[in-house]
Structures are given as structure tokens and as C-alpha cells.
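Counting begins at 1 with the first residue of the sequence. Remember, it's a predicted structure, so these values are computed and weren't measured experimentally. Note that these values count all heavy atoms, side chains included, but never hydrogens, waters or copies made by symmetry.
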Amino acid sequence: MKARMMKGVGVIPTQREVALVDHPEPAISHANQIKVRTLEVGICGTDREICTFAYGQPPKGDDYLLLGHECLGQVVEVGSGVTGFKSGDLVVPSVRRPCLDESCAPCREGRQDFCFTWTFTERGINQRHGFMTEVFVEEQSYLTAVPQDLRDVAVMAEPLTIAEKGLTQAWEVQKRLTWEHHNRDGKGRGYGRNAVVLGAGPIGLLGAMKLLIEGFRVFIYSRSPKPNFKADITESIGAEYISSKEVGVDELAKRIGNIDLVYEAVGEGHVSFELMRVLGINGVYIFTGIPAERETIPVYADNIMRNITLKNQAIVGTVNASPQAFVDAIRDLGEFKKRWPGAMKALITGRHGIDAHRELLLGKATGIKNVISFT
Ligand SMILES: NC(=O)c1ccc[n+]([C@@H]2O[C@H](COP(=O)([O-])OP(=O)(O)OC[C@H]3O[C@@H](n4cnc5c(N)ncnc54)[C@H](OP(=O)(O)O)[C@@H]3O)[C@@H](O)[C@H]2O)c1
Ligand SMILES: [Zn+2]
Ligand SMILES: [Zn+2]
């Protein structure tokens with residue numbers, strides 16, 4: 001039987017085009033697969049970059065790649081071997097799929113976020129269609145269940161997993177501080193510590209929320225001077241907003257005291273390495289940014305290197321995430337919603353129909369998180 005054709009948002013690299021494409025509705029072909037109706041797909045810088053044709057490879061045999069990797073869906077059908085999911089359940093899919101190299105230990109253990117061969121695939125990014133279409137089929141192991149009361153915020157689970165993975169790694173590193181009392185009287189592992197989040201976009205704001213629920217004192221250091229709506233959200237969650245246009249990094253460090261953790265979320269080398277200069281004693285610097293390669297920039301390399309050595313500093317990157325990070329992200333979104341319902345609403349700038357895709361992907365970036373709704 002011929003499959004029904006659905007509309008999806010695709011890029012066609014050979015024609016350098018971004019367009020609505022016809023895509024066949026997929027069917028369950030293995031017992032452990034689940035058919036999911038797409039509810040919402042978030043748009044981020046990665047999607048916008050794919051639309052410049054910098055990367056983004058269609059699956060073999062297709063000339064288009066369906067976009068979309070930040071997705072919330074609803075189960076419509078389950079394969080005969082599926083346990084733990086049923087029709088009507090809300091789910092969030094992960095993005096990266098393992099490489100095929102038998103010797104790649106992380107991929108063989110379901111930790112393709114650490115793939116050694118770099119031949120992994122990614123839904124909506126690299127050789128696998130994304131979720132910006134009406135229906136998709138996925139193996140149950142790549143889906144995480146979402147409580148029904150998080151229907152309005154769960155589209156942000158995927159971008160939050162970056163913070164979950166970043167923080168998990170930071171705490172692994174900080175196990176070296178064996179004298180620290182990790183729960184700090186129930187006030188969180190970050191209680192009494194200072195964190196600077198660099199950048200107030202969706203990655204930075206979600207990272208700041210995660211750091212706040214871990215107990216940190218949080219400062220968001222970002223470009224635009226106050227007043228602006230990102231600063232308003234920052235202050236509504238109990239963090240402090242400081243503009244890099246008004247306060248240099250030395251002054252920032254003087255105001256804060258020891259900077260125990262930096263969560264970089266700007267994707268801009270110059271300001272990121274400038275801030276690294278003032279990372280504190282025993283501090284951890286988490287990079288999330290993925291800058292486009294530009295010209296060489298001057299950095300205070302000797303000063304930074306000296307500090308890394310003498311102050312026992314650690315630097316980690318965070319990309320993609322584990323299944324556990326998805327579970328943690330969904331749990332934390334529940335906590336965010338309880339603590340800051342207004343801010344969580346404000347993070348979603350707008351929900352749009354599929355016809356708005358060109359403006360959202362090719363027009364000027366606006367607001368914080370724009371979402372395409374399929375309902
Ligand atoms: N690791 C991963 O898996 C992953 C996943 C998704 C995204 N990312 C990366 O994460 C980074 C942040 O993403 P996003 O979507 O949150 O970005 P975004 O929406 O572009 O936000 C960037 C923020 O950084 C601020 N900023 C930019 N240049 C600055 C500068 N020179 N000094 C101080 N602040 C500056 C901006 O300030 P204004 O408000 O004034 O514009 C804005 O608040 C990007 O590099 C993106 O590629 C990584
Ligand atoms: Zn994204
Ligand atoms: Zn691998």
C-alpha cells in the first residue's frame with residue numbers, strides 16, 4: 001500500500017532551498033517501535049545554520065532533510081514488543097543515533113553523545129530526518145515519557161539536556177573536592193557557590209534555572225544592557241543580570257567573589273575566553289557554544305594557562321546527551337514550572353503554524369524560543 005504523504009519542513013541542499021516538502025508517512029516496521037504524532041518542535045540556532053547550508057545532510061537516497069530536533073510528541077501506536085508506553089502518552093525523542101562501528105564503546109553502551117568515531121547520525125541534522133512533520137516512528141529506547149501536566153513546557157526538554165549533561169560532568173569533576181559537604185543541609189550541591197552564565201538566550205536561561213535549583217548564586221553575564229526582556233526573565237527567577245557592555249570581566253569577578261562555575265552559552269570565542277581569565281580557584285568552565293569558524297582572535301593565553309594550572313581549574317564541553325539527561329531534564333522542567341510559571345511561559349516567544357517556517361528559519365531571530373505547533 002502506498003504511504004500517505006505528509007507535509008514537512010525540509011532543506012534541499014543541492015538546490016539551496018528551504019521548503020515544505022512531501023514526505024511519506026512512516027509505519028512501524030519493528031516490534032519495539034512507536035509511532036508518534038508531532039505536537040511541537042522548537043527552533044534553534046542549529047536549524048537556522050542548517051538553512052544556510054553550512055551542514056545538514058539528507059539521509060541516503062533523499063535529496064531533502066526534514067528539520068527539527070527539539071520535539072514533543074504524542075504516542076499514536078505502539079509495536080508489539082513495546083513496554084512502558086501506550087497510545088496518548090506524551091514523549092520527547094532524543095537526537096543522536098549510534099555509529100555502526102563495533103569497536104565504538106560509547107555507542108555500543110547507548111552513550112553515542114560520546115561517540116569516538118564521529119560517524120553517528122542525528123535526527124534533523126545529519127543523515128536522518130527530523131521531527132518537523134506530522135508523524136514519525138522511533139524506537140522506544142530513544143523516547144522519554146513526559147507527564148501530561150508538562151505539555152506546555154516539554155518542548156524545551158532537549159535544549160535543557162545540554163545543561164543536565166554539563167552539570168553532571170561538572171559534579172563528576174568536583175568529586176575531587178572531597179572535603180565539600182555535597183548536600184549542604186538540603187539546600188543543593190551548589191549552595192554557597194557562585195555561577196556565571198554567559199549569554200541570556202534559551203541555552204543560557206535554561207542553564208541558569210538548572211543552576212538555581214542546584215542552589216548556586218547565579219549571575220547572567222550577557223551583551224544587551226538593561227532594561228531588556230531577557231534581563232527581566234533573569235531577575236524574575238532570582239538571578240542577577242549584568243551587561244558585558246557595562247561591566248568588564250575583572251569588575252564582574254570583583255563583585256562576585258570566587259567564580260566556582262561558568263556556563264558558557266554565547267558561542268563567541270572572544271568573550272568566552274575573556275571570561276575564562278576570571279574563573280575562580282578550583283572552578284569548572286562548561287562550554288556549550290558552537291561558534292562558526294572565523295578569523296584568529298587574540299586571547300590572554302599565558303594568563304589563562306597559568307590560572308588553569310595554579311587554580312586547579314577544569315574545562316568541559318557538553319553536547320547532545322544521555323537518556324538519563326532527558327529524564328533529568330523532564331523532571332527539572334516540572335520544578336522550573338512550579339517555581340517560575342511566569343518565566344517558563346515567557347521563554348516560549350511564540351507558537352506558530354507550519355507556514356511560518358520560512359520567517360522563523362530565514363528571517364531575523366526574535367525572542368527566545370519559537371515553536372512550530374502541529375496541532
Ligand atoms: N552544545 C550543544 O549541544 C548546543 C545545542 C544548542 C545550542 N548550542 C550553542 O549554544 C550557544 C547559545 O545558544 P542560544 O540558542 O542560547 O543562543 P542565542 O539565542 O543566540 O543567545 C546568545 C546570548 O549570548 C549573548 N551574547 C552574544 N554575543 C555576546 C557577547 N559578545 N558578549 C556577551 N553576550 C553575548 C546574546 O546577547 P543579546 O541578548 O544581547 O543578543 C544572547 O543573550 C550557541 O553557540 C549555540 O550554537 C549548543
Ligand atoms: Zn537545538
Ligand atoms: Zn560511535
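Closest heavy-atom contact between L252 and I242: CD1-CD1, 3.6 Å.
A side-chain donor-acceptor contact under 3.5 Å links N194 to the backbone of N258. A distance-only check finds a donor-acceptor pair linking the side chain of E264 to the backbone of G289 [under 3.5 Å]. Under a 3.5 Å cut-off, the side chain of S322 and the backbone N or O of A325 do form a donor-acceptor pair. Without hydrogens or angle criteria, R358 side chain to A19 main chain gives no donor-acceptor distance under 3.5 Å. In this structure, the side chain of E134 engages the main chain of K7 through a donor-acceptor pair within 3.5 Å. The backbone N or O of A31 sits nowhere less than 3.5 Å from a side-chain atom of S80 that would complete a donor-acceptor pair. With hydrogens and angles disregarded, a donor-acceptor distance shorter than 3.5 Å links the side chain of R193 to the backbone of R189.
Ring centers of H129 and F136: at least 6.0 Å apart, outside the cut-off. Ring centroid separation for the pair Y221 and F219 does not come in under the 6.0 Å cut-off.
A single hydrophobic cluster is seen to contain both V249 and V299, as judged by linkage of ILVMFWY side chains at heavy-atom distances under 4.5 Å, directly or through other members. Criterion: ILVMFWY side-chain heavy atoms under 4.5 Å apart, direct or through other members. Under it, V266 and I315 are part of a common hydrophobic cluster. Residues V155 and M132 do not share a hydrophobic cluster, clusters being chains of Ile/Leu/Val/Met/Phe/Trp/Tyr side chains in contact below 4.5 Å.
Salt-bridge annotation for R223 and E268: absent, with no side-chain N of the basic residue lying under 4.0 Å from a carboxylate O of the acidic one. Under a 4.0 Å N-O distance rule, the pair R97/E139 does not qualify as a salt bridge.
Using modelled atom types and a 3.5 Å distance limit, the side chains of H23 and D62 yield no donor-acceptor pair. A donor and an acceptor atom, one from each side chain of E49 and Y55, are located under 3.5 Å apart. With 3.5 Å as the limit, one finds a donor-acceptor pair spanning the side chains of R37 and Q74.
Here the NZ atom belonging to K338 is positioned 10.0 Å from the CG atom belonging to D149, to the nearest 0.5 angstrom. Once rounded to the nearest 0.5 Å, the distance linking SG of C44 with NE2 of H69 reads 3.5 Å.
Two residues are said to be in side-chain contact when any heavy atoms from C-beta on lie closer than 4.5 Å; R151 and L72 meet this criterion.
Both the sub-6.0 Å distance and the 45° axial angle are not jointly satisfied by K165 relative to the ring of F326.
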Donor-acceptor contacts under 3.5 Å from residues 301-311 side chains, at least two apart:
from : atom 1 : to   : atom 2 : distance (Å)
N307 : ND2    : R277 : O      : 3.1
T309 : OG1    : M305 : O      : 3.2

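With sequence neighbours left out, the ring-ring contact (aromatic ring centres under 6.0 Å, His included) criterion links F336 to W340. Considering only residues two or more places apart in sequence or on other chains, Y142 meets the ring-ring contact (aromatic ring centres under 6.0 Å, His included) condition with none of them.
Within a 6.0 Å sphere centred on CZ of F229, other residues, nucleotides and ligands contribute more than 12 heavy atoms.
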